[in-house]
Amino acid sequence: MEKTAEFEELRPLLFSIAYRILGSVTEAEDAVQETWLRYEAFPTSPASAKAFLSAVVTRVSINVLRSARVRREEYVGPWFPEPLLADPYQDPERSAELADSVSMAALLLLERLTPLERAAFVLRDVFGFGFPEIASAVNRSEAACRQLVVRARRHMSEGRRRFEADRREREELAARFFGALSEGHVDGLRELLAADVQLVADSGGKAPQWARGFFGAGEVSRVLAALLPPFVRIGGVVEPHQVNGQPGAIFRDPDGKVMNTWTLDILDGRIQAIRTVSNPDKLGHVGPVADAWAVLRETQRARRHAN
């Protein structure tokens, strides 16, 4: 098989590895492109294209992550991964595990790891690579890689909350939530939220920000019920959509441009967290981006008129 066809066949896997290491669609796409350039320039054909390309994209991603860490430490407000609408890597037998590994909650836990721990964990526990392949990818001994994975698993297990396995139940709850949201039904919203639910936004200082967030079922339900009906009245659209493998939505302005994305963390039949990404720098791959400030002003006018 010629190099181009071989690379294209493996592109979904390479992107999925890079995205889980980086938490950024844009940076993952760049890492995959850099991997292709290195592969194209490689003078011979490797014994295993999969092993070779996976190692290259991992090394590129580690280097990018190291520099990205500095920027994230200086980020304005909460930092969330760039929303991923669909994971190109498909494995029907492991679809639930793959969806869990790309969720906002899992990616935020991965932020606790060092770049090497993160890469080793992703290769081993998400994609099932052997330790010889991992050692080659991160330029460490197999023994060192085993220790990296052990430490990563410990950090991940300390903060991990398992999501319900039944996708249909989660989708039904999400549909009820977005229905109550559009209607501004406070009681209907409150009964779907966990007592300690949190509503937090990543704006990066470039879109309207909800201070440090809202917390508790009472406060979150009141805020949502006050904001969403006027948004719908001005022609805003709440488009339910899987985001990072979890129930969520894309919010669009009256012209169909992207305002933000929402993801719902669901556990024990209740919504535990609502995370929104409104930083326009993180939404370009979703579609044309709206002027969130203008939409907010129009929404506030509609709310005042209703009152």
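Computed from heavy atoms alone, side chains included, the values below leave out hydrogens, waters and symmetry copies.
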Q: With ring-ring contact (aromatic ring centres under 6.0 Å, His included) as the rule and sequence neighbours excluded, what pairs involving residues 175-207 come up?
A: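 Sorted result for residues 175-207: empty, none.
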
Q: Counting distance only, does the side-chain N/O of R124 pair as donor-acceptor with the main-chain N or O of F129 below 3.5 Å?
A: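 Between the backbone of F129 and the side chain of R124 there is a qualifying donor-acceptor contact (under 3.5 Å).
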
Q: Do Q246 and R170 meet the criterion of a side-chain donor-acceptor pair at a distance under 3.5 Å?
A: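 A pair is found: one side chain offers a donor N or O, the other an acceptor, under 3.5 Å apart.
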
Q: F80 vs L108, test: side-chain contact (heavy atoms from CB on, under 4.5 Å). Steps then yes/no.
A: CA-CA 7 Å; F80 294 156; L108 288 172; 4.0 Å; yes

Q: Under 4.5 Å between side-chain heavy atoms, hopping through other hydrophobics if needed: is there a path connecting V150 to L116?
A: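 Looking at the clustering, L116 is in a separate group from V150.
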
Q: Could you tell me which residues satisfy ring pair (Phe, Tyr, Trp, His ring centres under 6.0 Å) with Y89, sequence neighbours excluded, listed by chain and number?
A: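 Partners of Y89 by the ring pair (Phe, Tyr, Trp, His ring centres under 6.0 Å) criterion, ordered by chain and then number, come out as F127.
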
Q: Could you tell me whether E27 and R71 have a side-chain N and a carboxylate O separated by less than 4.0 Å?
A: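 Yes, this pair counts.
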
Q: Any salt bridge between E298 and R301, counting N to O under 4.0 Å?
A: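 No.
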
Q: So which heavy atom on S203 is nearest to which on P208, and how close?
A: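 The answer is CB-O, 3.9 Å.
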
Q: Strictly below 4.0 Å, N to O, side chains only: are E40 and K3 in salt-bridge contact?
A: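 So E40 does not pair with K3 through a salt bridge.
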
Q: Would you please test S16 and R20 for side-chain contact (heavy atoms from CB on, under 4.5 Å) and show each step?
A: CA-CA 6 Å; S16 297; R20 285 166 173 81; 3.3 Å; yes

Q: Does R270 come within less than 4.0 Å of D265, counting only side-chain N to carboxylate O?
A: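 The answer is no: the pair does not qualify as a salt bridge.
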
Q: What are the two closest heavy atoms between I17 and T58, and how far apart are they?
A: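 For I17 versus T58, the nearest heavy atoms are CG2-OG1, 3.9 Å.
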
Q: So which heavy atom on V25 is nearest to which on P83, and how close?
A: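 Looking at all heavy atoms of both residues, the shortest contact is CG2-O, 3.7 Å.
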
Q: Is there side-chain contact between N63 and R66, with heavy atoms separated by less than 4.5 Å?
A: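 Yes, at least one pair of side-chain atoms sits under 4.5 Å.
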
Q: Any link between L199 and L227 through a network of hydrophobic side chains (Ile, Leu, Val, Met, Phe, Trp, Tyr) touching at under 4.5 Å?
A: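 Yes, same cluster.
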
Q: Do V295 and D291 have side chains that get closer than 4.5 Å, going by heavy atoms?
A: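 Side-chain contact under 4.5 Å: no.
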
Q: Under 4.0 Å between a side-chain nitrogen and a carboxylate oxygen: does that hold for K50 and E6?
A: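 Here K50 does not pair with E6 in a salt bridge, since their nearest N and O are not under 4.0 Å apart.
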
Q: Mind checking the CZ-OG spacing from R72 to S24? Nearest 0.5 Å is all I need.
A: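 Here the interatomic distance stands at 7.0 Å.
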
Q: Are L110 and M156 packed together at the side-chain level, in the sense that at least one heavy-atom pair is separated by less than 4.5 angstrom?
A: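 Contact flag for L110/M156 side chains = yes.
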
Q: Please say yes or no: joined through hydrophobic side-chain contacts below 4.5 Å, possibly via intermediate residues, are L98 and L109 part of one cluster?
A: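 Looking at the clustering, L109 is in the same group as L98.
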
Q: When rounded to the nearest 0.5 angstrom, what distance separates CD in Q33 from CZ in R38?
A: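 Going from the CD atom of Q33 to the CZ atom of R38 covers 12.0 Å.
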
Q: Can you give me the closest heavy-atom contact between F15 and A28, atom names plus distance?
A: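 Scanning both residues, the minimum pair turns out to be CE1-CB, 3.7 Å.
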
Q: Hey, mind stepping through V64 and D30 against side-chain contact (heavy atoms from CB on, under 4.5 Å) and telling me if it holds?
A: CA-CA 10 Å; V64 173; D30 288 345; over 6 Å; no

Q: With side chains defined as the heavy atoms from C-beta onward, is the minimum distance between E239 and R252 less than 4.5 Å?
A: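 SC-SC contact between E239 and R252 confirmed.
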
Q: What's the shortest heavy-atom distance between P247 and A174, and which atoms?
A: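 Looking at all heavy atoms of both residues, the shortest contact is CB-CB, 3.6 Å.
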
Q: Would a distance-only check, ignoring hydrogens and angles, find a side-chain to backbone donor-acceptor pair under 3.5 Å from Q209 to K206?
A: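 Between the backbone of K206 and the side chain of Q209 there is no qualifying donor-acceptor contact (under 3.5 Å).
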
Q: Donor-acceptor check, side chain of E82 to backbone of T26, threshold 3.5 angstrom: yes or no?
A: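 Checked: pair present.
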
Q: Does the S95 side chain pair with the main chain of D91, one donor and one acceptor, at a distance under 3.5 Å?
A: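 Not a single qualifying donor-acceptor pair exists.
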
Q: Could you check if a side-chain atom of V197 sits within less than 4.5 angstrom of a side-chain atom of Q272, using non-hydrogen atoms only?
A: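 Counting from C-beta outward, V197 and Q272 never come under 4.5 Å.
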
Q: Sorted by first residue and then second, give each ring-ring contact (aromatic ring centres under 6.0 Å, His included) pair with at least one member in residues 17-61; sequence neighbours left out.
A: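 Only F7-W36, Y39-F52, F42-F52 qualify under ring-ring contact (aromatic ring centres under 6.0 Å, His included).
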
Q: If you measure from OG1 on T276 to CG on N279, what distance do you get to the nearest 0.5 Å?
A: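 If I round to the nearest 0.5 Å, the distance is 10.5 Å.
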
Q: Does R151 reach the main-chain N or O of T114 with its side chain, forming a donor-acceptor pair under 3.5 Å?
A: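 Side chain of R151 to backbone of T114: no pair is present.
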
Q: Please determine whether a side-chain nitrogen of the Lys or Arg among R275 and D202 lies less than 4.0 Å from a carboxylate oxygen of the Asp or Glu.
A: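 No, no charged N to carboxylate O under 4.0 Å.
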
Q: Counting neighbours of CZ on R69 that are heavy atoms of other residues, nucleotides or ligands and sit closer than 6.0 Å, is the number greater than 12?
A: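 Enclosed.
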
Q: I want to check something: taking the side chain as every heavy atom from C-beta on, are L193 and S221 in contact at a cut-off of under 4.5 Å?
A: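 Side-chain contact under 4.5 Å: yes.
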
Q: State the CG-OG distance between D125 and S101, to the nearest 0.5 angstrom.
A: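 Answer for the CG-OG pair, D125 versus S101, is 10.0 Å.
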
Q: Would you call R118 and E111 a salt bridge, taking side-chain N to carboxylate O under 4.0 Å as the test?
A: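 Looking at E111 together with R118, the answer is yes, because their closest N to O distance falls below 4.0 Å.
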
Q: Apply the test side-chain contact (heavy atoms from CB on, under 4.5 Å) to residues S103 and D100: give CA-CA distance (whole Å), side-chain angles for both, the deciding distance (0.1 Å), then the verdict.
A: CA-CA 5 Å; S103 70; D100 186 36; 4.1 Å; yes

Q: Between the side chain of S54 and the main-chain N/O of A51, is any donor-acceptor distance below 3.5 Å?
A: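 Looks like no, no N/O pair under 3.5 Å.
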
Q: V57, L37: one ILVMFWY side-chain cluster at the under-4.5 Å cut-off?
A: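 Yes, it is one cluster - the side chains of V57 and L37 are joined through contacts under 4.5 Å.
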
Q: Enter the distance from N244:CG to L264:CG here, rounded to the nearest 0.5 Å.
A: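 Answer rounded to 0.5 Å: 12.0 Å.
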
Q: Decide whether W79 and V243 are clustered together by the hydrophobic rule: side chain heavy atoms of Ile, Leu, Val, Met, Phe, Trp, Tyr closer than 4.5 Å, transitively.
A: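 Hydrophobic grouping puts W79 with V243.
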
Q: Which heavy atom of A135 sits nearest to which heavy atom of R140, and what is that distance?
A: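 Smallest interatomic distance, heavy atoms only, reads CB-O, 3.0 Å.
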
Q: Walk me through whether R190 and E219 qualify under salt bridge (Lys or Arg N to Asp or Glu O under 4.0 Å).
A: CA-CA 9 Å; R190 187 184 293 116; E219 181 179 53; over 6 Å; no

Q: Is the shortest side-chain N to carboxylate O distance from E117 to R146 below 4.0 Å?
A: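 No salt bridge links E117 with R146.
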
Q: To the nearest 0.5 Å, what is the distance between CG (L173) and CZ (R168)?
A: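 So the gap between those two atoms works out to 15.0 Å.
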
Q: Could you tell me whether the side chain of P81 reaches within less than 4.5 Å of the side chain of M104, counting heavy atoms only?
A: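 Counting from C-beta outward, M104 and P81 do come under 4.5 Å.
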
Q: Is L123 close to E133 at the side-chain level, that is, under 4.5 Å between some pair of heavy atoms?
A: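 With C-beta onward as the side chain, the pair stays apart.
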
